[in-house]
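Numbers here simply count residues along the sequence, with the first being 1. Predicted model, so just to flag it, every value in this text is computed and none were measured.
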Amino acid sequence: MDVLSSILDSVKLKAVVYQRARFTTQWGIQVAHDSNSQFWRLVKGTCYVIIPGEETIKMAVGDFVYVPHGSAHQICSKPGTRCMPAGYYVKQLQDKKPVFDGDEEETILIGGHFEFNSATPHPFITSLPKVIHIDNTNVEVSLWMQNIASFMNEEVCNEKLGGKVILGRLAEVLFILIMRSYLQRTNVEEGFLLALKDERISNSLKVMHQWPERDWDLLQLSAAAGMSRSLYAKEFKRLAGDTPLGYLTNWRILKAKEFLLDSKKNVIEIAVAVGYQSEAAFNRIFKSKVGETPASYRRRVLS
């Protein structure tokens, strides 16, 4: 399994797609800060996304905007438009009341959000930028994304059997395509994405993710990267923001949390599965990172 897939598998990526939004007059929606991360795709018309502290984004048809950390934002027909709170807008639609209905240019949006398990955070998620704008100029990625978006639009409009599940799966694919496109197009300057873009560092991440139970040392990991120990340690720290062994420990703890919540393995079995031969040693490191023992963590979260 590649590095990104293993990360997304551990953070339990899920997606929800909203009802299609249609506007035929000047309009604006105020989206409050949220623990989930929203995405928008412009199907028809024009619109703007405004996030405090960021440049205003003008979306063209086919563009995607992704707000990774659920930052408060406005999405509107033009800057300066008075915005309606998103919750009130949704309630008006549920009550079958016309909202932003007129005789001006039609604008159609599809939106949704991605969810990640907050119990198993990963620096890949936490280091994403405040906003990602994917335009439709990259032919290869754009073709994939437009096809996915077309399928989503079809499911949203027709409410066929199993549509909610299909929409969720399509949106999960969309997330990966957004990440691919972002990595290909953007000069990433900081964050864990730098490590994913570097083939040598990524190779060492792959072996850590694939075999966390192995007794890795710096020499073995630098060999997987094809680098000297000193250069590897320096580059890993620069790109990933942590030492190789420090990252390995955090990955093991993340996987241990996953096993504790999703399996019936006992604590010593989980300890061995993530690279600790002693239950006592596993308990110590887990408590130092999480603030409680594995058994206590399992009881608290599952309750």
Side chains of Ile7 and His209: closer than 4.5 Å at any heavy-atom pair?
-> yes
Exam field: side chain His69 to backbone Ser71, donor-acceptor pair closer than 3.5 Å = no
Is Arg300 paired with Glu292 through a side-chain N to carboxylate O contact shorter than 4.0 Å?
-> yes
Exceeds 12 heavy-atom contacts within 6.0 angstrom, atom CG of Asp103 = no
Are Phe175 and Tyr66 close enough that their ring centers fall under 6.0 Å?
-> yes
So if you build clusters from Ile, Leu, Val, Met, Phe, Trp, Tyr with side-chain heavy-atom gaps below 4.5 Å, do Leu177 and Trp40 land together?
-> no
Indicate yes or no for a side-chain donor-acceptor contact from Ser303 to the backbone of Arg299 under 3.5 Å, with no hydrogens or angles considered.
-> yes
Applying the side chain to side chain contact (heavy atoms under 4.5 Å, CB included) test to Leu239, which of Leu205, Leu193, Leu196, Asp198 qualifies?
-> Asp198
Counting heavy atoms not belonging to Lys78, are there more than 12 under 6.0 Å from its NZ?
-> no
Using ring-ring contact (aromatic ring centres under 6.0 Å, His included) as the criterion, list what pairs up with Tyr48, not counting sequence neighbours.
-> none
Please say whether more than 12 non-hydrogen atoms of neighbouring residues, nucleotides or ligands are located less than 6.0 Å from CD in Gln19.
-> no
Value rounded to 0.5 Å, distance of CD1 in Ile201 from OH in Tyr232 = 5.5 Å
Answer yes or no: is there an ion pair linking Asp262 with Lys12, defined by an N-O contact shorter than 4.0 Å?
-> yes
Is a side-chain N or O of Asp95 found less than 3.5 angstrom from the main chain of Lys97, in a donor-acceptor match?
-> no
Search all heavy atoms of Met227 against all heavy atoms of Leu231 and return the closest pair with its distance.
-> CE-CG, 3.6 Å
Is there a donor-acceptor pair closer than 3.5 Å between any side-chain N or O of Lys257 and the backbone N or O of Val290?
-> no
Can you name the closest pair of heavy atoms from Ser278 and Ile268 and give their distance?
-> C-CD1, 4.4 Å
Taking the side chain from Asp9 and the backbone from Ser5, do they hold a donor-acceptor pair closer than 3.5 Å?
-> no
Does Cys76 offer a backbone N or O that forms a donor-acceptor pair with the side chain of Thr81 under 3.5 Å?
-> no
Below 6.0 angstrom between ring centroids: does that apply to Tyr297 and Phe286?
-> yes
Just by distance, do the side chain of Glu54 and the backbone of Ile51 share a donor-acceptor pair under 3.5 Å?
-> no
Taking 4.0 angstrom as the limit, do Glu172 and Lys14 come out as a salt bridge?
-> no
Student check: side-chain heavy atoms of Val31 and Gln74 closer than 4.5 Å | no
Are more than 12 heavy atoms from other residues, nucleotides or ligands located less than 6.0 Å from atom CZ of Arg298?
-> yes
Within-4.5 Å side-chain heavy-atom neighbours: Glu104 and Thr24 = no
Report the C-alpha separation of Phe192 and Tyr247 in whole Å, then their side-chain angles, then the decisive distance to 0.1 Å, and conclude whether the ring pair (Phe, Tyr, Trp, His ring centres under 6.0 Å) test is met.
-> CA-CA 11 Å; Phe192 194 82; Tyr247 177 84; 5.6 Å; yes
Look at the side chain of Thr25 and the backbone N and O of Gly102, then say whether any donor-acceptor pair between them is shorter than 3.5 Å.
-> no
List the atom of Thr56, the atom of Pro79, and the distance in Å for their closest heavy-atom pair.
-> CG2-CG, 4.4 Å
Can you say whether the rings of Phe114 and Phe116 are parallel (under 30°), tilted (30 to 60°) or perpendicular (over 60°)?
-> tilted
Would you find a donor on one side and an acceptor on the other, under 3.5 Å apart, between the side chain of Arg252 and the backbone of Val274?
-> yes
To the nearest 0.5 Å, atom NZ of Lys255 lies from atom CG of Asn250 at 14.5 Å
Gap between atom OG1 of Thr107 and atom NZ of Lys44 - 0.5 Å precision | 9.0 Å
Within the side chain of Trp216, is there an N or O that forms a donor-acceptor pair under 3.5 Å with the backbone of Trp211?
-> yes
Heavy atoms only: give me the nearest Leu174-Met152 pair and the separation to one decimal.
-> CD2-SD, 4.2 Å
